[in-house]
Every structure is written in structure tokens, then in C-alpha cells.
Amino acid sequence: MTTKYLSEIISNEEISTWKPGDNIFLYNGTGTGKTTFINNKLAKIAKEQRQKILQLEPRLLLKKQQRKDADSSVIDVESYQAIDSIARFDQYSIIVLDECHYLFSDSGINDLTDRHYQILNSLECIKIWITATPDDVFEYFRSNQIDYKLYPKDYTESKVLNEIYTYKSDEELENILEFVVHGTNLKAMVVMSSTKKLLKLYRKYESISSVVLGTGNLSGKTAKMKNMIPKEIEKISKDKIFSGRRFLFGTSALDCGVSMIDYNLSIIIIDGIYDIQSIKQIVGRKRKQDSGDVATLFIRNISNSTLNGFNSAEKRWIKPAHTLLTKGIDYYLEWYLRNGNRYPDKHRIIRDEKVNGVLTKIVNDKKLTFFENRIKRTTDMICRGKNGFLITLKDTFGINVSPWNDDAKIYTEKILEDHYQKQTVWWTRSETQEFAKSLGFTDKYRHIITSYKAINSILENQYNSTYRIVCKRKKKKVDGKVKRFDNVWMIGKSR
């Protein structure tokens, strides 16, 4: 089936039927021409009619990238957070809500998404809603009987992934990272839920990595990154590639909108993230250039018991909002005084706000909708059986999911082949120990095996590999003098 993009599907005649007050919904997978439609086709029509477009973006990185790509004579690009400071909305005939799921999902970044929605909903202009993960927005529109024109998926989606592997432990994750380090022309985007773990891994690979974090994640020793991150954001915005030779580490700043166009970006690693909508957004950061430009996804497997734990916690965290909505402010205040420790409003769904001059409590219904839907999505995974998370991944991306352990032999073989071809030499003990760690072989006590004889035994008896570590004496000049090294490692073949 020939791929069609939105610019081909939505004709000029169709656009001419849109009128002020209409909600236009552009829904399709990532990399299928939604933003291109705005920047090219719609901008051209607006320019001919002397109209202005306001395009709203959820992230600084995405705002910078869109400002670079958009025609500034027609399109003003701002962040959602700037809505309160926009003086004149009446100058815009069209408002584009890019990555509009942000209004429901960004609890940790913006507590005023419901207020922003109210402002936007009150405007009598054409509003264009864009997202590849529309479930929360659809649910809200339908439950509130909001009319919209949907331009649905009726063409082949651009599939970025060709393989999916799952891993179970931090040790396996580090083995995957080492595979990237020792591979040929490999680059990886690593997105993690834990900032602490991410920073630990970033520091380990700092010389070959770049990082993008929200400024709220930077404090103490990490404050020095505040100068690095804006430069990295500028690099990605301008060139659509990251500066790290091997890795880009990031958290939620990489889950929406921004484009990466790089053949060498062939590995995507996701750790600790279980919501399928977020996973789809992260994968969509890589933009496919042709049929050969694909990536492998490595993702931590999540058991049903862990998913149940997430759901139980989230149900506790949204209970205060439900109590306030159903019982009223007086009951809520007394109830929360007794139960706040057990049922914390961790997602900050409730906030203090003055209404008619009186300070009261307000529920952000957009946030509440998002977390209710996430609980439902997680429950649906669990109901699919023992491997609900894996089944959901398979159905979402249309690709079989395999455990990383099953393919460790293949990737070890690739690492050894690469070093064999390059004739790599490890001269010192520290170098041989570091290479042994990269292979990741462990004994029964989970200690890394660093003996070349023990490694060769594993390669021969467990991996059926033809490669072996050859330990020999070699000489080379050091500081102008010939020095002998007694335990030099190289990769050889046994047959």
C-alpha cells in the first residue's frame, strides 16, 4: 500500500470548509506528515488570505525546532505555558495545538493545563488538534460532547521499529549499552523514568554522550549541566541529531514532538516506562527517511504484579480529587486532614485558586482524565494474561517481542567480530578488565568474570563461538622507549 501523508489527503477544498469555532483533529502515527501539513500547505493558504497562525508546543526543545522550521511571517510558535501572557488572540485565525495530549499528561511540568484549555476553548477561531496518541483527548471530547472533525488514518503508517527486545535487570541494561559502545556506527537514545539512574549511567559514558533534562531535575552537582543542556537543545533543534557520539540520555523531555533524523540512531532504549502512549511517543522521536532507516527497541519488561502496584498507587493518588468532586470542599478538607498521608495528591491534581475572591480548591479535570485513562490502560494490560505488557507491545507495533537473553549470544558475537576485524589490542590490565566487563559474563555469585581462560571457556562451551581471547606478550614504544607487555589481549579465531 502506497504511503500517503496528510498534505495529500486533505485538499484545499476541504480546508476551505473549516470555519471559526471548528475543532479539527489530525490523528496519525508519528512521522506521517502532521507538522509538515501545518508548516507547508496550511501556512501557504493562510499567507494567501493574510491570516496568522498560532502554534503551541509543550517543550522548549520542540518550540525551538518548530520556530526554525516554520514561516515566521505566518506562524508564531509559543509554548503552552505562555498562553496566560499572550495579549491578543484575536490576531490569529487558526490555533494549532501540537502534541495536544500534553494538556492531559504533563502533570509534573504544568499544573495549569485545565486553565489553558479553558482559554483555548473560549476562542472563536479554527483550532487544530495534533497528536499521535489521542486516547485521552478523544475520551474528554466524547464525555463532554465536544464536536470535532477527524482526519483519520487511512494510509500506511511509517513504521520505525523492526525489532523489539525486552530485558529484566540493570545488569542486562548495561550489557546493551556496552553493545552500543563497541558496535560499529551505532547510536542510541536512552529514555528513563528514574533521573537518578539516568545520571549515573550518563556519568559512566559522559565522554561519548549528551543529555537532555528538565531544569527541575538539576541541582547540586548536576547544576553544571545547566550550561550544557541548552546547547544540546540548540543542536537537536537545528540539526535534528544529538551531539553525543553514542548516546543521548533523557527523561520526559524526549517524549514528545521533537524529530531525530539520523541513520546511525538505530537503538532506542526505554527503562521504567510502562504507559503505552508514552512509549509510542518516545519511539516516534526517530523519523524514518527510507525503508532501511529503522531501529531496534530495547525495553525493560514489566510484570503484571508490578503493573498492579502502579495501579494501586495511582488509585490512591487520585482519590483526593474524586473526594473533592463528589463530596464538596467542606467534607474534603476534613477528610484530607485525616487521610492525606495515606492518599497524597502526588500528581498535584488539586490546587488552590481564588474564585469570586474566595480561596478554594480546584480539580484539574484534564489531569484527572489522563490518570483515570492510564489506570484503565494498565488494567487492560493485566487482563490480557501473564505477559500483558509484552502482548500490548506486540499489538501496538505489530512486531514480535523477544527476551534479550535469547539474543545475547548474537550480540556478543557481533562485538567479538568487530574487534577481530579492527585487530583491537588491550595492552594493560585496566584495559583488559574493562573489555571483560563489556562482555558481561558473571559467575554464580554474579561477579564479573575477568579471566581470559574462563571467558574462552564460556565462548566455546556455552556460546559455540569461534572467537577466543588470545593472551600474548607484545612490545610497543612508550615515551620513546620499547616496553614489553606480558598479558596483552587480542581476539583470534579457533578454527
Side-chain angles (χ1 to χ4, degrees), residues 5-7 26 28-48 51-83 85-86 91-102 106 109-110 128-132 158 160 187 189 191 210-215 225-244 248-265 281-290 293:
Y5 295 95
L6 282 172
S7 294
L26 307 185
N28 213 305
T30 53
T32 51
K34 298 182 297 297
T35 305
T36 301
F37 168 77
I38 301 296
N39 288 344
N40 295 341
K41 191 167 193 172
L42 193 64
K44 181 180 178 182
I45 293 172
K47 193 168 188 175
E48 290 171 353
Q51 295 177 335
K52 289 279 287 182
I53 298 172
L54 172 64
Q55 184 165 329
L56 297 171
E57 302 292 350
R59 302 275 191 262
L60 173 63
L61 179 53
L62 187 52
K63 182 177 78 171
K64 283 179 173 288
Q65 198 168 80
Q66 293 304 326
R67 279 184 172 175
K68 177 181 177 294
D69 295 339
D71 181 350
S72 60
S73 69
V74 184
I75 302 176
D76 291 340
V77 181
E78 298 291 346
S79 66
Y80 283 95
Q81 294 91 328
I83 287 176
S85 62
I86 296 174
Q91 64 182 305
Y92 301 111
S93 302
I94 300 170
I95 295 181
V96 176
L97 293 85
D98 198 16
E99 306 295 338
C100 61
H101 58 277
Y102 155 86
D106 260 19
I109 295 175
N110 189 351
I128 299 179
W129 304 71
I130 301 179
T131 181
S158 178
V160 168
K187 295 174 74 175
M189 179 173 66
V191 184
S210 52
V211 63
V212 173
L213 295 171
T215 55
M225 294 182 186
K226 288 183 179 179
N227 293 326
M228 298 163 43
I229 291 174
K231 293 178 182 178
E232 186 62 26
I233 289 173
E234 192 66 32
K235 170 73 174 176
I236 296 172
S237 301
K238 181 182 177 183
D239 300 330
K240 294 183 172 61
I241 60 173
F242 55 84
S243 62
L248 172 65
F249 288 95
T251 53
S252 61
L254 294 176
D255 73 352
C256 89
V258 64
S259 300
M260 303 279 187
I261 302 176
D262 186 351
Y263 281 105
N264 291 333
L265 176 53
Q281 285 289 341
I282 293 165
V283 168
R285 295 318 97 226
K286 176 177 172 64
R287 299 303 166 94
K288 190 173 180 179
Q289 300 174 78
D290 54 43
D293 187 13

If you take all heavy atoms of Arg287 and Arg285, which pair is closest and at what distance?
-> NH2-NH1, 3.1 Å
Heavy-atom distance under 4.5 Å between the side chains of Lys44 and Asn40, does that happen here?
-> no
Do Asp76 and Tyr92 touch side chain to side chain, with heavy atoms closer than 4.5 Å?
-> yes
Main-chain N/O of Val77 paired to Arg67 side chain as donor or acceptor, under 3.5 Å | yes
Is the shortest heavy-atom distance from the side chain of Met260 to the side chain of Ile236 under 4.5 Å?
-> yes
Sequence neighbours excluded, which residues qualify as side-chain hydrogen bond (donor to acceptor under 3.5 Å, both in side chains) partners of Thr36?
-> none
Checking Lys63, Arg59, Glu57 against Ser79 for side chain to side chain contact (heavy atoms under 4.5 Å, CB included), the one that qualifies is Lys63
With sequence neighbours excluded, what pairs up with Lys47 under the side-chain contact (heavy atoms from CB on, under 4.5 Å) test?
-> Asp71, Ser73, Val74
Between the side chain of Glu232 and the main-chain N/O of Phe242, is any donor-acceptor distance below 3.5 Å?
-> no
Between CD1 of Ile53 and CD1 of Ile38, what distance do you get to the nearest 0.5 Å?
-> 6.5 Å
Taking C-beta and beyond as the side chain, do Ile128 and Gln55 meet within less than 4.5 Å on heavy atoms?
-> no
Point-to-point distance, once rounded to the nearest 0.5 Å, from CG of Leu97 to OH of Tyr102 | 11.0 Å
